[in-house]
Amino acid sequence: MQRHNFSAGPCVLPQEVLQKASQALLDFDNGLSLIEISHRSKAFVDVMEQARALALELLGLEGKGYKALFLQGGASTQFLMVAQNLLEKKAAYLNTGTWSDKAIKEARIFDDITEVASSKSANFNYIPKGFDIPEDHDYFHLTSNNTIFGTQIKNFPKSPIPLVCDMSSDIFSRTLDFSQFDLIYAGAQKNMGPAGTTLVVVKEDILGKVSRKIPSMLDYKVHIDKSSMFNTPPVFAVYTSMLTLQWLKDLGGIAAIEKENEKKSRLMYSEIDLNPLFKGFAAKEDRSDMNATFTLTNDDLKDTFDTMWKEAGINGLNGHRSVGGYRASMYNALSLDSVKVLVEVMSELESKA
Ligand SMILES: *Cc1c(COP(=O)(O)O)cnc(C)c1O
């Protein structure tokens, strides 16, 4: 049976990427597996360099003073690394959900944090707007897409201070002027590859301004100096991410995938809005093109609906425990056909009820 993987993360990857990645486990370099050769071999150094170059190329950041790194420790380690490397006196944060909240918690270990706005009291169902970004702070941090709540920032504020963005769940999904950001980070497992590596894209000139000592593994400058090979990198995660970035480039880059992503989210949200059995969770103007969150209007239909979507080959549709209901994650590698299958199940439920 064909599977339709709506999982929020780790998520669906392109079939051709999975095939090439599995082949590389068996024979990558003259009969040796990708995971049993030296990471200093030319074959792997080429992979790392290609992955770093592709990331900058797809984001339109080549030759603009940025460096791309593939680090370990997940996006969660970036919550602390950002503060450790950039926070001297004070930093400003926008709180739009669980992940922002966690980023704020880690940064507070280092120094004073100003929460410029928060939608916590509304269980994060919208993106706060119209706040001021304090000019005397070291940087402003935001989360572009709130994976759990299904909200997404559509218009980024102009920031008078360095702008730092957690793009874990929507990087490479839509065209943006990425040069408005000074540091972007993203755990690979949402839209780029398997868990185990985190992409960091940083503008070099914002570094080196804090007075504290930074442990080597947590110092962006160390990783830049060592071309993202300070220690043994997670070779399989980097290789698979590289294959996904190559797949995206061959498709026509971010502009091409954005069109597909818009078709998917339009179809999904029109069903949520038109079908009286369903109700969207997030404020309409802030709805995420990546994660659609919704509930049934009548809980008595839950068992029937759950059976129906599982029988249709759908996977990963249950909502996060802090929101409940359902979450359809529509990352780059999820096809429009998969969304059509889900929408058909939803309308079939309406005709049955
Ligand atoms: C999943 C997620 C994280 C956490 O990523 P890890 O790699 O598991 O640490 C952080 N931010 C956002 C927006 C996420 O979706």
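Just so you know, ligand 1 is whichever comes first in the structure, and atom 1 is the first atom listed for that ligand.
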Of all the non-hydrogen atoms in the protein, which one sits nearest to [atom], and at what distance?
atom                    : value
atom 2 (C) of ligand 1  : Lys190 NZ, 2.6 Å
atom 15 (O) of ligand 1 : Thr147 OG1, 2.5 Å
atom 9 (O) of ligand 1  : Ser76 OG, 2.6 Å
atom 4 (C) of ligand 1  : Trp99 CZ3, 3.5 Å

Test item, Ile148 contacting ligand 1 (heavy atom, 4.0 angstrom): no

Sub-4.0 Å heavy-atom approach of Gln189 to ligand 1: yes

Indicate yes or no: does [X] engage [Y] in a salt bridge with an N to O separation below 4.0 Å.
X      : Y      : answer
Asp170 : Arg174 : yes
Asp136 : Lys89  : no
Glu57  : Lys249 : yes

Residue among Phe79, Phe140, Tyr139 satisfying ring-ring contact (aromatic ring centres under 6.0 Å, His included) with Tyr93: Tyr139

Cation-aromatic face contact Lys190/Trp99, 6.0 Å, 45 degrees: yes

Relative to the heavy atoms of [X], which atoms of ligand 1 are at a distance of less than 4.0 Å?
X      : value
Asp166 : 10 (C), 11 (N), 12 (C), 13 (C)
Gly74  : 7 (O), 9 (O)
Phe79  : 10 (C)

Exercise: identify the closest heavy-atom pair between Trp309 and Tyr326: NE1-CE2, 3.7 Å

Asn145-ligand 1 polar pair, N/O distance under 3.5 Å: no

Ala75, any N or O under 3.5 Å of ligand 1 N or O: yes

Heavy atoms of other groups near Lys279 NZ, more than 12 under 6.0 Å: no

Any side-chain donor near an acceptor of the partner, Thr147 and Asn291, under 3.5 Å: no

